[in-house]
Amino acid sequence: MSDWDESADFDAWEAQSLSAQAMAARPAPYLDTLNAPQRAAVERLDGPVLVLAGAGTGKTRALTARIAHLLNTGRARPNEILAVTFTNKAAREMKNRIGALVGGVIEGMPWLGTFHALNVRILRAHAELAGLKSNFTILDSDDQLRLMKQIIQAEGIDEKRWPPRLLASLIDRWKNRAWSPAMVPPDEAAQFDGKGASLYALYQDRLKTLNAADFGDLLLHVVQIFQAHPDVLAKYQRWFRYILVDEYQDTNIAQYLWLRLLAQGHRNICCVGDDDQSIYGWRGAEVGNILKFEKDFPGAEVIRLEQNYRSTAHILAAAGSVIHQNETRLGKTLWTEAPGGEKVRLIGHWDGEEEARWIGEEIEALIQGTRGNAPVSADGIAILVRASFQMRAFEDRFLTIGLPYRVIGGPRFYERAEIRDAMAYFRVVVSPDDGLAFERIVNTPKRGLGDKAQQEINRVARENGVSLLEGARILVEGGGLSAKARKGLAELVAGFDRWRAWNRALAAGTVADGELLVTDDRPETDGPLTHVELAQVILDESGYTEMWRTDKSPEAPGRLENIKELVQALEEFENLQGFLEHVALVMDNEQDESAPKVSIMTLHGAKGLEFPAVFLPGWEDGLFPSQRSMDESGLKGLEEERRLAYVGITRAEEHLTISFAANRHVYGRWQSALPSRFIDELPKDHVEVLTPPGLYGGSYGASSPGGGFGADSLPGVMRGSDLETRAANADAYNSPGWARMQARRGQYGTSQPREARNLVIDAKAVSARTVGERVFHQKFGYGEVMEIEGDKLTIEFDKAGTKRVVASFVTAADEAPF
DNA sequence: ATTCCCGGTATTTTT
DNA sequence: TACCGGGAAT
């Protein structure tokens, strides 16, 4: 990468940095906006520093100000600062904010990035020390799994009893701990039918042969290089004079070792994190790293950021009360100067559907400001769930009432099958040795190349010691396979030859106008062929686009749309190669849609975000805290779940509503559950218990008059489940929640006029659909309109059955994309 | 080689 | 309930 080339001349940079030190410190206006502890975190530049930054305490502000300060005081040049984040988003944000602080004066920071991105660069520079070539490919989890599967099959292991997934997670765990195959301790190595470590070794061998590295390797290899080659390590130690780490509580052991190695000399390391927000333990993150920071770096300064600038006092009280139940924590208490605001609201429902319905109505009220509050934009509202299956109830409900929503963190763009397929074509064009990519698309679209043909290709390739693509060529030229299969394969091989030639010509800059316009499909265009056009040609000539065009499934048009988007994305890059490198590391896709929408996401996905209004549904024992977490990790698991609750609560700025349902439709089965134990941990003084609407005139429960929220005292919990219990709790009718509920009923109960609801949705809602018309729906595909009532249509979908949906969610079938 | 049907399975997922 | 993977049928 160009970044690396720029900075590779180590000594030249070092010479320059000396002059930087001589630079006079300029005034530092960014310091004035900081509170005392933030300022301490910024000004304590030397030696180890741990900044314990609670949720919403201005962590990023402190971090960026610290970097600005390093630059401003002339302590370091931009290239001498190593700043590590976990996500590309965080890296991007930091870059922007630093830019804003120091003005455009200083060129970008080359070593600000994610653990993975930074390590790719380091590894590419020393690939040979890890047995790789510097142009190694980065495998995604899909490729990884396929490789494991092949190994398991080759070893004659029963896939049913020993699924590749299990091996993958095992190896992942080991890599997170920075264990090479030889280092895996015996008891661990014996896992997976006693073959764990040997399979790990085989897998690593295969990766080397493929000149590939998986995500774990990026860290593992570099740590091993640092350990085995002190000269290399020394170079980087000198190079990075100051180290900053964001989200330190999420580091795994490999990352910890990496940091410790780099910081060893000068110990100028500043880690920022929040042990209370450690929620990725199951993914290898070690809360221990942050907990034992002072031991690891004796003399470390620990700075606590506890003043919260995000939430109301009631919300903070709720968060604090819950997290205080955790034993294993460094201890922090958030406080605010903000007023109490509205209390945290708690409500129980009979079942999950009612919960979704109620939340839908609450959101509409929030948006319209009919609850006596300033209207909240849909963008400022989020529903945070523990597990993604909970999202469906909300999607269904919002689809029916026409509430615009967006699901965040679904399958990511680059993980979609069609995108992976398309990229596999590009991968083979760019690196013909990429056997995994070749395998993925040999028979996509169908070319009559089944198992047998593919095994044949494999065999020939192995016998001749060549790549799969070359193996295929030998097979074709030698007249192997059935006539039909041979024809399909011959076309594919010829296609790759052509595309590769074009790609090479592009790289060499030897493409003349019109020179390569040899295909019938490609319309004559002016100017030289670009890599974007080449990509389009590859997808067209290979028959891939055609495959989806002829596909009748409801998702086919969307897939074509995605492919189109992919090709468009290529324009941002110089060539196919650069694009592939980017995609391997930056698997995110920011979709900035214009219309305001309510966000639905998991609690994990919400970390780092904030919203004026947050709904936390599904607080039931077993679901949240998740039974599985508790079974698998005991108290540790429970504490991590509790931290998840803390993360959820602290996302809210103004309005927070926690809810639970007595019954839930899970995997097609009805399950009942008790309210979450975390509900008992909420502080009653800061919580308002609402009485759920429902049958029997509205109420079947009461708020508890004192103490916590024992399950028995909560509305919606049907212990005993009879009317007498409900009657006994008659004081519910006097509760503020009940009064409010009554008041609200009149405003937007079931008889609410349509207009009121429609304020939320598109003005075109009542569109001109006719009975019998063919329509297309984003989620349900094609269908026929059976009935029209106002803005609601009853549609018989080809695939999804009969549904009632809002008119604005469908388009005429012939206007549908593709 | 492809399709179709059955049974087993089912958190959270920054790169 | 929904999806995936494997085996059998075409």
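Just so it is clear, the model here is predicted, and its values are computed rather than measured. Numbers restart at 1 for each chain; the letters A, B, ... are given by sequence-line order, proteins then strands.
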Enquirer: The criterion is side chain to side chain donor-acceptor pair (under 3.5 Å); which residues satisfy it with A:R440, sequence neighbours excluded?
Expert: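 Here the qualifying residues are A:D142, A:D421.
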Enquirer: Mind checking what makes side chain to side chain contact (heavy atoms under 4.5 Å, CB included) contact with A:N252, not counting sequence neighbours?
Expert: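 Side chain to side chain contact (heavy atoms under 4.5 Å, CB included) list for A:N252, sorted by chain: A:N176, A:A254, A:Q255.
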Enquirer: Under 4.0 Å from a heavy atom of chain A: give me the 5'-most and 3'-most nucleotides of DNA chain C that qualify.
Expert: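 Nucleotide range in contact with chain A: C:dT1 to C:dG6.
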Enquirer: Which residue pairs pass the ring pair (Phe, Tyr, Trp, His ring centres under 6.0 Å) test when at least one of the two sits in residues 618-637 of chain A, sequence neighbours left out?
Expert: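 Output for this query lists A:W619-A:F624, A:F624-A:F678.
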Enquirer: Who passes side chain to side chain contact (heavy atoms under 4.5 Å, CB included) against A:T57, sequence neighbours left out?
Expert: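 Expected list: A:A53, A:L305, A:L334.
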Enquirer: Short of 4.0 Å, heavy atom to strand atom, which residues of residues 142-153 of chain A count as contacting DNA chain C?
Expert: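 Those residues are A:K149.
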Enquirer: So which protein N/O to nucleotides 1-4 of chain B N/O distances come out below 3.5 Å?
Expert:
{"unit_1": "B:dA1", "atom_1": "OP2", "unit_2": "A:G450", "atom_2": "N", "d": "2.7"}
{"unit_1": "B:dT2", "atom_1": "OP1", "unit_2": "A:G448", "atom_2": "N", "d": "3.3"}
{"unit_1": "B:dT2", "atom_1": "OP2", "unit_2": "A:N443", "atom_2": "ND2", "d": "3.0"}

Enquirer: Taking only residues two or more places apart in sequence or in another chain, which ones pass side chain to side chain contact (heavy atoms under 4.5 Å, CB included) with A:K149?
Expert: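 Partners of A:K149 under the side chain to side chain contact (heavy atoms under 4.5 Å, CB included) test: A:Q153, A:E159, A:P164.
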Enquirer: For residues 633-646 of chain A, which side-chain donor-acceptor pairs fall under 3.5 Å, sequence neighbours excluded?
Expert:
{"unit_1": "A:E639", "atom_1": "OE1", "unit_2": "A:T328", "atom_2": "N", "d": "3.3"}
{"unit_1": "A:E639", "atom_1": "OE1", "unit_2": "A:T328", "atom_2": "OG1", "d": "3.2"}
{"unit_1": "A:E639", "atom_1": "OE2", "unit_2": "A:E327", "atom_2": "N", "d": "2.7"}
{"unit_1": "A:E640", "atom_1": "OE1", "unit_2": "A:G281", "atom_2": "N", "d": "3.2"}
{"unit_1": "A:E640", "atom_1": "OE2", "unit_2": "A:G281", "atom_2": "N", "d": "3.1"}
{"unit_1": "A:E641", "atom_1": "OE1", "unit_2": "A:R386", "atom_2": "NH1", "d": "2.9"}
{"unit_1": "A:E641", "atom_1": "OE1", "unit_2": "A:S626", "atom_2": "N", "d": "2.9"}
{"unit_1": "A:E641", "atom_1": "OE2", "unit_2": "A:R386", "atom_2": "NH1", "d": "2.6"}
{"unit_1": "A:E641", "atom_1": "OE2", "unit_2": "A:S629", "atom_2": "OG", "d": "2.8"}
{"unit_1": "A:R642", "atom_1": "NE", "unit_2": "A:E681", "atom_2": "OE1", "d": "2.9"}
{"unit_1": "A:R642", "atom_1": "NH1", "unit_2": "A:N326", "atom_2": "OD1", "d": "2.7"}
{"unit_1": "A:R642", "atom_1": "NH2", "unit_2": "A:E681", "atom_2": "OE2", "d": "2.8"}
{"unit_1": "A:R643", "atom_1": "NE", "unit_2": "A:S278", "atom_2": "O", "d": "2.6"}
{"unit_1": "A:R643", "atom_1": "NH2", "unit_2": "A:S278", "atom_2": "O", "d": "3.4"}

Enquirer: Please identify each residue that fulfils side chain to side chain donor-acceptor pair (under 3.5 Å) with A:R97, with sequence neighbours left out.
Expert: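 A:R97 satisfies side chain to side chain donor-acceptor pair (under 3.5 Å) with A:E93 once adjacent residues are dropped.
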Enquirer: Output the residues of residues 243-262 of chain A in contact with DNA chain B, where contact means a heavy atom of the residue under 4.0 Å from an atom of the strand; sort by number or write none.
Expert: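 Close to the strand are A:D250.
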Enquirer: Holding to side chain to side chain contact (heavy atoms under 4.5 Å, CB included), I want the full list of residues that pass it with A:R459, two or more places apart in sequence or in another chain.
Expert: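 Once residues adjacent in sequence are excluded, the partners of A:R459 under the side chain to side chain contact (heavy atoms under 4.5 Å, CB included) criterion are A:E456, A:E463.
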